[in-house]
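The block underneath contains the structure these notes are about, expressed in structure tokens.
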Amino acid sequence: SEPQINFIDAKCKQLDIDVVKFINVGSEHYGSITEVSKKTASKMLAALNEYQTKKKPTPEKILGYDSNWR
């Protein structure tokens, strides 16, 4: 949903994470964030929260926020 997309964008910006690399870090690959289901987006938000609270280290391969990802 649009609020989820905006939240993922804001959280990735805050954590210096590349949005496209982040959404494609798992087994699924997406051409666009709009292809991500609401359920999967919720899991992605949970992962971002774990990175933020340092419960999980942020993978180096997804670092580097790009504001032109849309």
Kindly say whether Glu35 contributes a backbone atom to a donor-acceptor pair with the side chain of Ser32 at under 3.5 angstrom? no
Mind running side-chain contact (heavy atoms from CB on, under 4.5 Å) on Asn24 and Tyr30 for me, showing each step along the way? CA-CA 6 Å; Asn24 287 301; Tyr30 304 98; 3.8 Å; yes
Mind listing the closest non-hydrogen atom pair of Leu48 and Cys12 along with its distance? CD2-SG, 4.0 Å
Close side-chain approach of Arg70 to Ile5, heavy-atom, < 4.5 Å: yes
CD1-CG distance between Ile17 and Asp9, expressed to the nearest 0.5 angstrom: 11.5 Å
For Asn49, is there any backbone N or O sitting under 3.5 Å from a side-chain donor or acceptor partner on Thr53? yes
Side-chain contact test, heavy atoms from C-beta onward, threshold under 4.5 Å: evaluate it for Tyr65 versus Phe22 and give yes or no. no
Once you round to the nearest 0.5 Å, how far does CG of Asp66 lie from CG of Asp16? 10.5 Å
Heavy-atom side-chain contact between His29 and Ile23 under 4.5 Å: no
Can you see which heavy atom on Leu15 is nearest to which on Leu63, and at what distance? O-CD2, 4.2 Å
Once you round to the nearest 0.5 Å, how far does CD of Glu2 lie from OG1 of Thr34? 9.5 Å
Between atom CZ of Phe7 and atom CD of Gln14, what is the distance when rounded to the nearest 0.5 Å? 8.0 Å
Is a side-chain donor-acceptor pair under 3.5 Å present for Lys11 with Gln52? yes
With side-chain contact (heavy atoms from CB on, under 4.5 Å) as the test, would you mind laying out the steps for Ile62 and Val25 before giving the verdict? CA-CA 8 Å; Ile62 65 169; Val25 79; 3.8 Å; yes
Is there a side-chain contact between Tyr51 and Pro59, using heavy atoms and a 4.5 Å cut-off? yes
Atom OG1 in Thr58, atom CD in Glu50: separation rounded to 0.5 Å? 10.5 Å
Taking the side chain as every heavy atom from C-beta outward, state whether Gln4 and Ser42 have any pair of such atoms under 4.5 Å apart. yes
